[in-house]
Amino acid sequence: MTRMTRTRRVGSDRALLAALRDCGQRPAVGTAARALSLAGEHAALWLATGLTGAATDPERRTAWLRATAVVAGAHLASMAVKRAVRRPRPSDVAPLVRTAGAHSFPSSHATSAAAATVAFAPLLPWTPIPTTVRAVAAAICVSRVVAGVHYPTDVAAGALLGAVVARAAGRFGSAGRRVVSATPRRPR
């Protein structure tokens, strides 16, 4: 990558951050960004979702627990990458929320949100819930930029990491054994 290309990429990353952070100045948008950021902290929303699925769906409890473990694993992977990369959080905008650490790449919120979307999808195939999960996951991802604590590339990298970890875990989990559908029969 040439220096000019990198400069443009960094410039557009900061410009998009500034534009989305400006949206957070609206009271309703700022409140929503704070609430979504809090819900996604340490993958709490997704872990609670998976554990609720395990508790309320005894027929597929093991599948729910595996999917929840995948979300937790993806979150831990993002924390490891974050410690290795050590990219500082944006300093040119005032954040709307406090953060657990000083590093921003990749976004752990985005990682766990994408992992949950991929890991929980087979457990909810014919309900409207997958659409809701995807919408909440996307909103959490965007909220991190609106809150001013991540660059857009942090969120994109986190979402990619979460999706890749969840897909790989799904393939690894089914390797070498007969795959039994996690989907119960559709009610008649």
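Note that these values count all heavy atoms, side chains included, but never hydrogens, waters or copies made by symmetry.
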Inset, instruction - Heavy atoms only: give me the nearest Thr68-Gly50 pair and the separation to one decimal. - result: OG1-CA, 3.0 Å
Legend entry - Shortest non-hydrogen separation from Pro88 to Ser104 and the atoms involved: O-OG, 3.3 Å
Inset, instruction - Mind telling me whether Phe120 and Trp46 have parallel, tilted or perpendicular rings, with 30° and 60° as the class edges? - result: tilted
Legend entry - Whether Arg89 side chain and His103 backbone form a donor-acceptor pair below 3.5 Å: yes
Legend entry - Beyond-backbone contact of Val146 with Arg34, side-chain heavy atoms, under 4.5 angstrom: no
Legend entry - Closest non-hydrogen atom pair, His75 against Ser108: CE1-CB, 3.5 Å
Inset, instruction - Test Thr99 against Glu41 for side-chain contact (heavy atoms from CB on, under 4.5 Å), laying out the working first. - result: CA-CA 9 Å; Thr99 59; Glu41 193 68 38; over 6 Å; no
Inset, instruction - Flag yes if Leu47 and Trp64 sit in one hydrophobic cluster, no otherwise; membership is Ile, Leu, Val, Met, Phe, Trp, Tyr, and two members link when side-chain heavy atoms are under 4.5 Å apart. - result: yes
Inset, instruction - Measure the spacing between CZ of Phe105 and OG1 of Thr153 and express it to the nearest 0.5 Å. - result: 6.5 Å
Legend entry - His109 side, atom NE2; Ser143 side, atom OG - distance, nearest 0.5 Å: 6.5 Å
Inset, instruction - Give a yes or no on whether Arg61 atom CZ has more than 12 heavy-atom contacts from other residues, nucleotides or ligands under 6.0 Å away. - result: yes
Inset, instruction - Quick one: list whatever passes side-chain contact (heavy atoms from CB on, under 4.5 Å) with Val118, sequence neighbours left out. - result: Ala163, Ala166, Arg167
Legend entry - Same cluster (ILVMFWY, side-chain, under 4.5 Å), Met79 and Val165: no
Legend entry - Student check: side-chain heavy atoms of Pro90 and His150 closer than 4.5 Å: no
Inset, instruction - Group every Ile, Leu, Val, Met, Phe, Trp and Tyr by side-chain heavy-atom contacts under 4.5 Å, then state whether Val71 and Val133 land in the same group. - result: yes
Inset, instruction - Please examine the side chains of Val145 and Tyr151, heavy atoms only from C-beta on, and report whether any two atoms are closer than 4.5 Å. - result: no
Inset, instruction - Walk me through it: do Arg87 and Asp154 pass the test salt bridge (charged side-chain N to carboxylate O under 4.0 Å, His left out)? - result: CA-CA 9 Å; Arg87 180 184 192 182; Asp154 299 337; 2.7 Å; yes
Legend entry - Contact summary for Arg83 and Arg86, nearest pair of heavy atoms: O-CG, 2.9 Å
Inset, instruction - Supply the atom-to-atom distance Leu36 CG to Leu45 CG, rounded to the nearest 0.5 angstrom. - result: 9.0 Å
Inset, instruction - Please report the closest heavy-atom contact between Thr111 and Ala74, naming both atoms and the distance. - result: CG2-O, 3.3 Å
Legend entry - Separation of Leu38 CG from Ile140 CD1 (nearest 0.5 Å): 10.0 Å
Legend entry - Exercise: identify the closest heavy-atom pair between Thr117 and Ala137: OG1-CB, 3.4 Å
Inset, instruction - Kindly say whether Pro106 contributes a backbone atom to a donor-acceptor pair with the side chain of Lys82 at under 3.5 angstrom? - result: yes
